[in-house]
Amino acid sequence: MSSHEQADVAVIGGGPAGLAAAAEAKAAGASRVLLLERDDRVGGILNQQVHDGFGTKVFNEALTGPEYAAIYEDRVNEREVETWLKTHVINVTKDRLITVHSDKGLRTIEAGSVVLSMGCRERTRGAIGTAGTRPAGVFTAGAVQNYMNVRNLAVGRKVVILGSGDIGLIMARRLKLEGAEVVCVAEILPQPSGIGANLVRCLEDFDIPLYLSTTVVEIHGKSRVTGVTLAEVGPKMGEKKGTRRFIECDTLLLSVGLIPENELTNKIGIITNPVTTGAVVDDSFRTSVPGIFSCGNVLQVHDVVDYATMESEKAGTAAAIWATTGKLPDADIKVSAGAGLRYVLPATISGTDAVDFTMRSWREEHDQSVIFKSGGEEVRRLRMPHMEPAGMIRVRVGKGRFRRIVNNELTVEVGA
Amino acid sequence: MPDKFDVAIIGGGVVGCAIARELSRYQLRVVVLERAADVARGTSGKNSGVVHTGINVPTGSRKAALNVAGARVFEDFCKDLDVPFDRVGKVIVALEEDQTPDLESLMARGIANGVPDLEIIDSATLKRMEPNISGAAALNVPTAAIACPYSLNIALAESSAEAGVEFMLNSPVTAINGDEGDFQITTPGGTVNAALIVNSAGLFSDKIARMVGIKRWRIWPCRGEYVILDKRAGSLINSMVYPVPPKGGAGLGVHITPTTDGNILLGPSADYTNDADDVRTTPKIRRQLLKEAAEFLPALSPRDVITAYSGMRPKLVPSKVGGFGDFVLEEVPEQLGMMNLVGIESPGLTASPAIADEISGWVRERIPAKKNSNFKGKWTAVDRVRDETPEKIDALIGEDPAYGEIICRCEMVTRKEIIDSINNGLEATSLNAIKYRSRATMGRCQGGFCGPRIIDLLIENGHSPESLTLTGGDSWLFLGSVEDLRKGRTREAVEAGN
Ligand SMILES: Cc1cc2nc3c(=O)[nH]c(=O)nc-3n(C[C@H](O)[C@H](O)[C@H](O)COP(=O)(O)OP(=O)(O)OC[C@H]3O[C@@H](n4cnc5c(N)ncnc54)[C@H](O)[C@@H]3O)c2cc1C
Ligand SMILES: Cc1cc2nc3c(=O)[nH]c(=O)nc-3n(C[C@H](O)[C@H](O)[C@H](O)COP(=O)(O)OP(=O)(O)OC[C@H]3O[C@@H](n4cnc5c(N)ncnc54)[C@H](O)[C@@H]3O)c2cc1C
């Protein structure tokens, strides 16, 4: 191998999560911090998100994706984090030996701690199994966003969108504004998967119909897409007889979910949560393997970048402390998701500091509360005017509250 | 291009290209006419990739003879062409005790066909060989192997092109006139003259035959769907796992087959259809495949499915009749000078070297030819970083930094491999041409990450966005720029430059 290097903290993935983690690791006293990014620039998925709406929580203003990323890129540079671009991490061991592939050859890095922030990728046609022929013109929404916003390429003129995820909704608006005909958005679930605000500003404002409990049952066209067949589905996702209809289009956009890029995580043998598919972490964002941390979309899919940033800053700080002192508070209190919640993060906490819990609800709820309980008693309750599966919920619990915890267990649930 | 060829091969599948390679050993003017935008777009790119031993075909048939002859040379055939090959072996599993007699009759036929090393193993031995498979007994076929079918097809074509064979892609044959010694073959791009014709048009070989008045064959397309599993499921099996073939069925039953790239295939199904091009995939069959495979391999998870595809069997016997149809390799009195290869269904991939040998003989009986000094016994594909040792990868990056940039992260394909694939010897430029040469876009993200980067490289290498296609023809990818969309320009107008 060409060379062998050492670092206090190595951060894998230079999206907003990795940028924030690397900047804070440096601020927290790590002397050599490496940020490893396979692309030719940092910023991750934000580079293609030219719409605004980023930074409303952190900066109190609505920035575009690239503007938001630039702030953190500057911070990383000011703090003298070493950024290695076009550097693909191909392996990480339990003892934190990292192998990277780049035009400088294969190199290894021995890191005091490692932050995993590889982001996520989109679910594709193959993974959802849409029937029909295999023509050109079937794209994931993120890929179209990339073609349009980064490469100035238009993929088609008459578009059907399958899935009501946020990228799909944002692309519906973008395509419409650029003169394409967006025939409809079809969503298999009885409720949309994107956040409510996007439904209004991307669909309703542009008269784009959203069909719920509806899916594409067949793709037509031998060379290029010529149309799709839509059908309604019942409560068990089975096709309803007699509801098929053909819609002519030249493009099908898929916005059917994101899959965290946990290949490296799994290869290391880190324990993961079957719901998020990301690592199981404590309130320092430590995984089950000592010295390895995880944050950002690879840990849980975020709909608001600000929260990804905040969680990653914590992870970066913790990674630096671990690398320089070998010490972080033990996290012995087990946290579990109770009624109404799909998951809650972190899985364990120390109780020595305030914790920002993140979670998602199963259903849309109005005027309900998120309730933290230990030994059957309430520890904290927060009234939520509105909850939806598409919107991550973030609740801060101060350290004083943790004094009420008994038996080292804490449950979080949705209740009246 | 010469104004007259000695031989025109119609169809650039594995059979047509194996013949082209065999003929390229001689000083013959050979052209391959292929209707698609690349070779390996027909059945040859969409099958199980199994090098069959010959236990499944009736003793004494042409299928049996060509299968066994092909299997014998297949490993060297792949080695010479730098094509992935792996002798993983096969177990044919009897789920219940009452299927054991079927195993015995399969074994008897295998022995009669000259297949070596067959043995019936008990349930415990099977468990030792395949810990995740349960069965009452199995027939162990250790000489069965797998190979990468489309890599073979492409290597055959590119090595022949290098030795002087002409390839005309996007050239569907629509009419044939003239006679032996002076055929005129019509394609949309113009007429090609040739002395002899080899009809290796696969699913359309009956239609090509009909163009010269041969009406004796009819192809009944029979679709076989597969699902492909993620590499993380690849370690569930060590060898191929087959059921006892269903009686009177159109195929060998749903089998679980490793690929040379470490994925697993489940399939194929068998459904007759009227349209040979209708290679659709359906959720119904997907569920059925997963269910049938799970009977052998309970550890299978639907979550591991990364994509699906279909291949089409060129059956010579309609579904109502059923039963065995043999390979046809015939020159018939209705039209001399034309060799027809019809009904080349499974094990056609395995038999392809043997078929090529036979057809080369037929050609040279009619047109004697000297050896071609441009023919190379060994041909190498692009260096594949993913198959190399760390030291070799380092050395490759030292030679060319383009090996240091991973474009397709799922399959570990570098920029250098993509560029080499773009500059292939057949001048095939579709996205799929790059996919099948480099494996880029074939992994779990199915091109989500590398798609745009490959497009960049195509554009950097001189292709306009409007001219890019998925599979050639009308399978365009981009209308033009965002401005073109806004201004309501059609793609044709953008491409024509107005
Ligand atoms: C489609 C979409 C729309 C969104 N819209 C909004 C919005 O409007 N407002 C808002 O506030 N938030 C939005 N978000 C949320 C926000 O963009 C994400 O939460 C945030 O980008 C997550 O950051 P990340 O760093 O975890 O992931 P990413 O941005 O995906 O970055 C991951 C980085 O890791 C790199 N990487 C991965 N593997 C490796 C490896 N092996 N070696 C080296 N590098 C590697 C990748 O190249 C990438 O640069 C949106 C998210 C998505 C997906
Ligand atoms: C589901 C399935 C599984 C199989 N599994 C195996 C296996 O495991 N092992 C094995 O040994 N065999 C297997 N086979 C069989 C094997 O794939 C075929 O026998 C082999 O690929 C046939 O090759 P070919 O060149 O004859 O046909 P094709 O690959 O179909 O080539 C014919 C070519 O002709 C072209 N063409 C058609 N019409 C025209 C025209 N008018 N003008 C110009 N070109 C034209 C087509 O585009 C095509 O490229 C399988 C087949 C199927 C369907």
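Reckoned from all heavy atoms, side chains included, excluding hydrogens, waters and symmetry mates. By convention in this document, chain letters (A, B, ...) are assigned in the order of the sequence lines, proteins followed by strands, and residues within each chain are numbered from 1.
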Quick check: do [X] and [Y] have side-chain heavy atoms less than 4.5 Å from each other?
| X | Y | result |
| --- | --- | --- |
| A:Tyr147 | B:Ile455 | yes |
| B:Arg415 | A:Asp103 | no |
| B:Ile406 | A:Arg38 | no |
| A:Met118 | B:Arg409 | no |

Against chain B, label [X] side chain, backbone, both or neither, depending on which of its atoms sit under 4.5 Å from a heavy atom there.
| X | answer |
| --- | --- |
| A:Ile219 | neither |
| A:Asn146 | side chain |
| A:Thr277 | side chain |
| A:Arg134 | both |

Nearest heavy-atom neighbours spanning [X] and [Y]:
| X | Y | result |
| --- | --- | --- |
| A:Phe139 | B:Leu477 | CZ-O, 3.6 Å |
| A:Gly156 | B:Leu479 | O-CD2, 4.0 Å |
| B:Asp474 | A:Ser223 | C-CB, 3.5 Å |
| B:Asp275 | A:Lys222 | OD2-NZ, 2.8 Å |
| A:Leu106 | B:Ile397 | N-CD1, 4.3 Å |
| B:Leu485 | A:Ala154 | CB-CB, 3.8 Å |

In terms of heavy-atom proximity below 4.5 Å to chain A, should [X] be classed as side chain, backbone, both, or neither?
| X | result |
| --- | --- |
| B:Arg303 | side chain |
| B:Thr414 | side chain |
| B:Val227 | neither |

Quick check on the interface: out of [options], who has the most heavy-atom pairs with chain A under 4.5 Å?
| options | value |
| --- | --- |
| B:Pro401, B:Ala395, B:Pro452 | B:Pro452 |
| B:Asp484, B:Leu431, B:Thr490, B:Thr281 | B:Thr281 |
| B:Gly472, B:Ser481, B:Gly447 | B:Ser481 |

Out of [options], which one racks up the most heavy-atom pairs below 4.5 Å with chain B?
| options | value |
| --- | --- |
| A:Thr87, A:Thr133, A:Val155, A:Asp40 | A:Val155 |
| A:Gly137, A:Pro135, A:Gly132 | A:Gly132 |
| A:Glu261, A:Glu218, A:Arg157 | A:Arg157 |
| A:Arg121, A:Arg151, A:Glu122 | A:Arg151 |
| A:Ala180, A:Ala136, A:Gly179 | A:Ala136 |

For A:Ile271, does the CD1 atom sit with more than 12 other heavy atoms under 6.0 Å from it, leaving out its own atoms?
-> no
For atom CD of A:Glu248, decide whether the heavy atoms of other residues, nucleotides or ligands shown that lie under 6.0 angstrom number more than 12.
-> no
Nearest 0.5 Å please: distance from the CZ atom of B:Arg280 over to the NE2 atom of A:His220.
-> 8.0 Å
CG/A:Leu153 to CG/B:Leu468 distance, rounded to the nearest 0.5 angstrom?
-> 8.5 Å
Polar side-chain atom of A:His101 near backbone of B:Tyr403 as donor-acceptor pair, under 3.5 Å | yes
Stepwise side chain to side chain contact (heavy atoms under 4.5 Å, CB included) test for A:Asp39 and B:Arg453 = CA-CA 10 Å; A:Asp39 212 340; B:Arg453 282 152 230 260; 3.1 Å; yes
